[in-house]
Asks: 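After the structure tokens below, expect a handful of questions from me.
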Amino acid sequence: MIREDIRNIAIIAHVDHGKTTLVDEMLKQSGIFRENQQVQERVMDSGDIERERGITILAKNTAVRYGSTKINIIDTPGHADFGGEVERVLKMVDGVILLVDAFEGPMPQTRFVLRKALELGHKAIVVINKIDRADARPQEVVDECIDLLIDLEASDEQLDCPFLFASSRKGTCTDDLSKPGTDLKPLFEAILRYVPAPQGSEEGGMQMLISTIDYNDYVGRIGIGRVERGVIRKNMSVMRSSYGSEEPPVHEKVGVLYAFEGLTRVEVEEATVGDIVAVAGAPDLSIGDTLCDPENVEPLPFVRISEPTMVVTFSVNDSPFAGRDGKYVTSRHLRARLMRELQTDVSLRVEDGSTTDQFRVSGRGELHLTVLIETMRRQGYEFQVSKPEVLYREIDGKKCEPMEKLVVDVPEESMGAVIEKLGRRRGQLLDVAGRGRVRLTFSVPTRGLFGYRSEFLTDTRGEGIMSSIFDGYEPFKGDIPLRAYGSLVAFETGEALTYGLFYAQDRGEMFIVPGDKVYAGMIVGANTRPGDIELNVCKAKHLTSIRNSAGAEEAMRLKPVRPMTLERALEFISDDELVEITPHFIRMRKRILDSTQRMRANRK
């Protein structure tokens, strides 16, 4: 059975190459919205953090109609840390749209997601986006894409892919650069022509592989997947099984069945081969499960998700200000929330720590973990996190560490500083390309990138762009010099005052302003030299009746303070420090708050 009335595609690309904007235009031009309807930009980025950061974090499903054909579209994340989302949703589709920036060309994440798509046998439609940029170089980027396909060992059929040129922002597309496009019709036509129609048998019992999990307060867990065989119906009895699992199949009932139409889910009575649908009613449904006909239980294999490379320790907040700001503060709350996250994030791992109040949380990278932390603090959780560490492996008896392929675009005058800094961090320069604006490719240990982003922006005067992707494990590269500065630590608990901060700011960069509450052992600034210094930022001016002869005292001017973000805090702290996370505050502190005990511990 071949379903000519359906096409299933995923849009894949490097971060910021315009995937979500393109989906916006596809929705608009397919007639999903009313003519006078107000539609926000990047309508698929529904989460607050996604909209604030301008990135897609979770893969999202939508569907448009083009003529008599329904096109199911999956908008995928572009950042390498959320590659697990891309890997699993590729099982639901028959082809991909590969979006490539007309100036930047193929980037590390482009290579990663395209390799995964080609391994699954998918055909790609290559769309060179942002051709309206002043510095666009579409023809050169086409050659780079062909080189990439050859490098990834694409088959002859996959190499024979169409190339389109688009401007997502304008909603135009063309297959010929000499003829400007007026709409996205060439893209829709290419999807119908080049993406294979889903096929399968209606006989042999129902099979549906769950690739994504959603949650709704009214119907509970919702499993999203594609019907691979047979017909699934509302209120149908099914068996839930997992490929390779020793646990016996479990009986479930399909409560509600949803199909996707535009941005909404529509209740349907049944779905057949090739349909991407959402199923509610099975409370223990997990990613990778297969729903099967009770008479013919055959679970489908699920894509192997890449392992985490980084770990942080979450622990219960035990600072003097604990419990003042958060709603959920106990280890029970923390454990329940982390376990809930495991149900929807296949790239995450959670283990018990050395004490009952600690949990080791492993993820794909710094952004992956910081998005989880930021989400939890917005939900009212209060906790502490340690400095991120890389996960080492032993391969052939050697200690190996995760490596990153780092691509940086920098002005030519900044090239020397970047190469020197990354050289100190055990980075190896692999390639240099371009003039005026130079693209450098490095192989760097993952731990070598900790704390580097802020230095990179300073060295390139804010003009540099850097992106990296996991590039396998290699033998341990040796020690990397620790940070060249210490911390300024509060001496006592109280409220920071202008007088105390004025005389403390000469020691380094301050992180707090007058009126901020501090406690003994809290980090209030960065020392300009190695080693920690204790300061009394709560010091008040001694009041007397004596004034200077001029009758007016010098105004105490404080240097501007950069707000401390979560990423900056995690980059800043060292092994003996923690970041305290609450719904409204991000503070840094020493693990050992007491000054005397800290000195004893440092002597050992």
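The first residue of the sequence shown is numbered 1, and numbering continues consecutively from there. Fair warning: this is a prediction, and the values are worked out from it, not measured in the lab.
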Asks: Measuring from atom CE of Met466 to atom CG of Asp409, what distance do you get when rounded to the nearest 0.5 angstrom?
Replies: 12.0 Å

Asks: Any sub-3.5 Å donor-acceptor pair from Glu567's side-chain atoms to Thr370's backbone N or O?
Replies: no

Asks: Enumerate the side chain to side chain donor-acceptor pair (under 3.5 Å) contacts for residues 159-173, please, sequence neighbours excluded, ordered by first and then second residue.
Replies: Asn129-Ser168, Asp132-Ser167, Asp132-Arg169

Asks: List in chain and number order the residues that pass salt bridge (charged side-chain N to carboxylate O under 4.0 Å, His left out) with Glu203, two or more places apart in sequence or in another chain; answer none if no residue qualifies.
Replies: none

Asks: Report the residues that fulfil salt bridge (charged side-chain N to carboxylate O under 4.0 Å, His left out) with Arg3, sequence neighbours left out, ordered by chain and then residue number.
Replies: Asp5, Asp275

Asks: Which pairs, with at least one residue in residues 119-138 and sequence neighbours excluded, count as a ring-ring contact (aromatic ring centres under 6.0 Å, His included)?
Replies: none

Asks: Donor-acceptor pair, Thr460 side chain versus Val410 backbone, under 3.5 Å?
Replies: no

Asks: If we ignore hydrogens and angles and just use 3.5 Å, is the side chain of Thr565 paired with the main-chain N or O of Arg568 as donor and acceptor?
Replies: yes

Asks: Tyr66: which residues meet the ring-ring contact (aromatic ring centres under 6.0 Å, His included) condition with it, sequence neighbours left out?
Replies: Phe188

Asks: Hey, what do you get for CD (Glu571) to CG (Leu449), rounding to the nearest 0.5 Å?
Replies: 10.0 Å

Asks: Mind checking ring-ring contact (aromatic ring centres under 6.0 Å, His included) for Tyr473 and listing every partner two or more places apart, or none if nothing turns up?
Replies: Phe470

Asks: Go through the structure and list residues passing salt bridge (charged side-chain N to carboxylate O under 4.0 Å, His left out) with Arg437, not counting sequence neighbours.
Replies: none

Asks: Does CD belonging to Glu153 count more than 12 external heavy atoms closer than 6.0 Å?
Replies: no

Asks: Could you tell me whether the side chain of Thr212 and the main chain of Ile224 form a donor-acceptor pair under 3.5 Å?
Replies: no

Asks: Within the side chain of Arg7, is there an N or O that forms a donor-acceptor pair under 3.5 Å with the backbone of Leu192?
Replies: yes

Asks: Is Gln158 reaching over with its side chain to a backbone N or O of Leu118, donor-acceptor style, under 3.5 angstrom?
Replies: yes

Asks: So how far is it from Asn8 CG to Ile74 CD1, rounded to the nearest 0.5 Å?
Replies: 7.5 Å

Asks: Can we say Glu104 and Lys130 salt-bridge, meaning some charged N sits less than 4.0 Å from an Asp/Glu carboxylate O?
Replies: no

Asks: Under the ring-ring contact (aromatic ring centres under 6.0 Å, His included) test, which residues partner Phe260, sequence neighbours left out?
Replies: none

Asks: Can you pull out every salt bridge (charged side-chain N to carboxylate O under 4.0 Å, His left out) where at least one residue sits in residues 90-100? Sequence neighbours excluded, please.
Replies: Asp94-Arg226

Asks: Donor-acceptor pairs are to be reported for all side-chain atoms of residues 141-152 against protein atoms at under 3.5 Å, with residues two or more places apart or in another chain.
Replies:
{"unit_1": "Glu144", "atom_1": "OE2", "unit_2": "Arg137", "atom_2": "NH1", "d": "2.7"}
{"unit_1": "Glu144", "atom_1": "OE2", "unit_2": "Arg137", "atom_2": "NH2", "d": "3.3"}
{"unit_1": "Asp151", "atom_1": "OD2", "unit_2": "Arg111", "atom_2": "NH1", "d": "3.0"}
{"unit_1": "Asp151", "atom_1": "OD2", "unit_2": "Arg111", "atom_2": "NH2", "d": "2.7"}

Asks: Is any side-chain N of the basic residue among Glu25 and Lys28 closer than 4.0 Å to the acidic one's carboxylate O?
Replies: yes

Asks: According to salt bridge (charged side-chain N to carboxylate O under 4.0 Å, His left out), who are the partners of Glu463, at least two apart in sequence or on a separate chain?
Replies: none

Asks: Kindly write out the residues that satisfy ring-ring contact (aromatic ring centres under 6.0 Å, His included) with Tyr381, not counting sequence neighbours, or none if the list is empty.
Replies: Tyr328

